[in-house]
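One structure is given below, encoded as structure tokens.
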Amino acid sequence: MAREFTSVGVVGLGTMGAGIVEVFARNGIDVVAVEISAAAVERGRVTLTGSTDRAVAKGKLAEADRDALLARVDWQVGLDALHSVDLVIEAVPEHLDLKQRIFAELDRVCKPEAILATNTSSLSVTEISVATTRPNQVIGIHFFNPAPVMKLVEVVRTVVTSADVVADVEALCERLGKVDVTISDRAGFIANALLFGYLNHAVSMFESRYATREDIDAAMKLGCGLPMGPLALMDLIGLDTAYEILDTMYRRGGRDRRHAPVPLIKQMVTAGLLGRKSGRGFYTYERPGSPVVVTDEHTPVTTGAALADGARAIAKVGIVGSGTMATGIIEVFAKAGYEVISVTRGAEKSAKVCEAVKTSLNKGVVRGKLSEEDRDAALGRVTWSATLDHLADVDLVVEAVVEELSVKKALFASLDEICKPGVVLATTTSSLPVIDVAMATQRPADVIGLHFFNPAPIMPLVEIVQTIRTSAETSATARAVCAALGKTGVVCGDRSGFIVNALLFPYLNDAVKMLEASYSTADDIDYAMKLGCGYPMGPFELLDVVGLDVSLAIQRELYLELREPGFAPAPLLEHLVTAGYLGRKSGRGFRDHTKR
Ligand SMILES: NC(=O)c1ccc[n+]([C@@H]2O[C@H](COP(=O)([O-])OP(=O)(O)OC[C@H]3O[C@@H](n4cnc5c(N)ncnc54)[C@H](O)[C@@H]3O)[C@@H](O)[C@H]2O)c1
């Protein structure tokens, strides 16, 4: 029989604590909510009423239920109020000495059978537990932000946590409507261990002006389907909390440089830019605590006229290649009203590409997304050719041939001879340095990367890759073209992985390392990222879709270019590829797809 929890205590009513109070009270459990001062209690109460009022306004909570929920909360200053609760969750700032002090005090105040839990993200639950005389009743219950919304709870058992306590807490999580993964006490547990290296890397991209905050965030949202970009997420977490988590993970997690907090984070914390809670972090908010981003001095001008500033006029576009990407890109340009010349290496290939474009456009018609006239008009805009000479008078060339540097360089050298002056030459490469391709021509200022995502007609993102030789005019033209295609163009430098792959693949590789270390299972790791962070797919699901061979190749490139030891491909990934387990396409990757 699992233990009944009729009343619980929550200590610290900040970003997490206030949300945790709501989770319990919503599920019919009485809560004693504790802070250090009356003002802090009041702040917590305002957060809770704000959140429940929003739920009522959205029709997700009846007014009577809200009133009952609020009536279950007893607001108090000081830990003494916790003498009769069955369980306490501590959610004070991420400092070991503070948490140890609080646990020693809780041990004194709470009844002997009470379970003492910490919501720490990165500190050792074991070290916190030894501040009490009952370490076997101390456990980690790690909620995710915002606690009322995110389904995941990581239950952290130490080597001394008793099995009964673990079982009771697991049953409690179920009662709260949460999905729990139970794991041992390691820095960052599952989700933060995979998340924070990525967040820190995103901040370093911003700090080094590799890309703007808007572009980094848009890239991850639109390229990976994440609910929010990394910098917006840092603001939600709170930069002070994020700093402490990174710092602890660096010290506890083997001094991986990727967890050493990027200096900018500390500077922002010192300057009081803590994120949403202080009204300003990477972005500026309407007021402290508000989720509404307002314009500030860094907000880019994105109106049509400003975008087209300095751009060359583009009417006729050449697209070279006959694969998946070329086919999708032809459709995108033709639908957007450009005159398109498709160049392949032979009439047979052209016929195949033409068929594929037709099929795709027809699907649009069947789904009611495209009229028959528009389909015919789009097809009518495309000329099918097997010779590069037909590109003599185009305004833009988009190259999407095989991902081999020698082939691309030879092609760009030919384009240089054939195309008129002033043409913008773009490559869709996802991994080769754009500057290598640019230097195969006599006009590197006109060369740029346009990294489309697959499937091009659907994915809204294009990475615009500027080399150190790309001219401002070429960049402006690329930006204007992306806008005209209805895509979000994000501008970045010419570095391995651009924005999306550089941030995504090391995270996937880290997940493989975590599995390899037997810290958790593929299922639990996938759950953690989907239910704790709102990712559309877990890392192992995604690796199987992308292909393990493709993922390994990208990870190797990143490692070779950036020489970051933490980017070394996971041996397990290499072994699976060697064994022919490539993911869905080969029937087996991290999971067996032949049985489903
Ligand atoms: N922010 C997140 O996204 C997130 C997610 C999961 C877990 N966590 C963890 O939750 C914990 C709290 O983080 P947060 O982001 O909510 O911090 P926060 O700074 O928003 O809130 C901490 C609260 O604790 C209160 N406090 C400080 N000392 C206290 C004391 N002695 N007694 C009672 N209250 C005290 C503060 O007044 C403040 O309101 C940390 O361990 C953090 O790692 C944070």
Side-chain angles (χ1 to χ4, degrees), residues 9-23 32-48 51 75-82 88-106 109 117-125 127-128 131 140-156 178 187-193 195-196 199 227-228 230 232-249 252 269 272 274-279 281 288-289 291 528 531-534:
V10 176
V11 182
L13 308 172
T15 307
M16 289 310 294
I20 295 171
V21 169
E22 180 173 341
V23 172
V32 182
V34 169
E35 260 288 353
I36 26 176
S37 64
V41 165
E42 183 54 20
R43 227 180 26 235
R45 210 183 53 75
V46 168
T47 308
L48 179 65
S51 171
W75 304 95
Q76 296 287 343
V77 175
L79 299 179
D80 286 339
L82 298 168
V88 179
I89 297 198
E90 159 281 312
V92 303
E94 191 77 342
H95 297 294
L96 182 61
D97 51 348
L98 173 65
K99 291 195 193 260
Q100 284 181 326
R101 264 204 324 275
I102 287 181
F103 270 71
E105 186 67 10
L106 287 173
V109 168
T118 171
N119 185 50
T120 183
S121 308
S122 57
L123 294 168
S124 161
V125 178
E127 282 181 54
I128 295 171
I141 306 184
H142 184 230
F143 285 88
F144 286 77
N145 188 1
V149 179
M150 303 314 287
K151 278 251 168 270
L152 185 78
V153 175
E154 289 173 324
V155 172
V156 186
K178 300 289 183 192
F189 315 129
I190 298 177
N192 285 348
L195 186 67
F196 272 82
L199 293 177
M228 52 173 36
L233 179 55
M234 286 288 287
D235 277 358
L236 175 69
I237 292 169
L239 269 74
D240 48 347
T241 302
Y243 177 86
E244 294 302 333
I245 294 174
L246 280 166
D247 190 51
T248 312
M249 287 191 40
R252 281 186 73 204
V269 171
L274 306 183
R276 278 191 197 183
K277 61 182 160 191
S278 71
L531 303 177
C533 306

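What you see is a predicted model; the values in this text were computed from it and never measured. Every number for a ligand or one of its atoms is a count from 1 in the order of the listing.
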* N/O of Asp240 under 3.5 Å from N/O of ligand 1, yes or no? -> no
* Structure fact -> For Arg43, the ligand 1 atoms with a heavy-atom partner under 4.0 Å come out as 37 (O), 39 (O)
* Asked: Heavy-atom distance to atom 43 (O) of ligand 1: which of Glu94, Glu90, Glu105, Met150 wins?
  -> Glu94
* **Nearest-option assignment for atom 18 (P) of ligand 1, heavy atoms, candidates Met16, Glu154, Lys277** => Lys277
* Hey, which atoms in ligand 1 end up nearer than 4.0 Å to a heavy atom of Ser121? -> 6 (C), 7 (C), 8 (N), 9 (C), 42 (C), 43 (O), 44 (C)
* Polar contact flag for His142 and ligand 1 (N/O pairs, less than 3.5 Å) -> no
Using a 3.5 Å cut-off and no angle test, enumerate the donor-acceptor pairs between side-chain atoms of residues 142-151 and protein atoms at least two apart in sequence or in another chain.
unit_1 : atom_1 : unit_2 : atom_2 : d
His142 : ND1    : Glu154 : OE1    : 2.9
His142 : NE2    : Ser121 : OG     : 3.4
Asn145 : ND2    : Leu236 : O      : 3.3
Lys151 : NZ     : Gly177 : O      : 3.2

* Structure fact -> Those residues at least two apart in sequence (or on a different chain) that pass ring pair (Phe, Tyr, Trp, His ring centres under 6.0 Å) with Phe196 are none
* Proximal ligand 1 atoms for Asn145, defined as those under 4.0 Å from one of its heavy atoms -> 1 (N), 2 (C), 3 (O)
* To do: Under 4.0 Å, heavy atoms only, figure out whether ligand 1 is touched by the backbone of Asn119, its side chain, both or neither.
  => both
* Structure fact -> Any heavy atom of Leu123 under 4.0 Å from ligand 1? The part involved is neither
* When only distance counts, is Ile237 in polar contact with ligand 1, meaning an N/O pair under 3.5 Å? -> yes
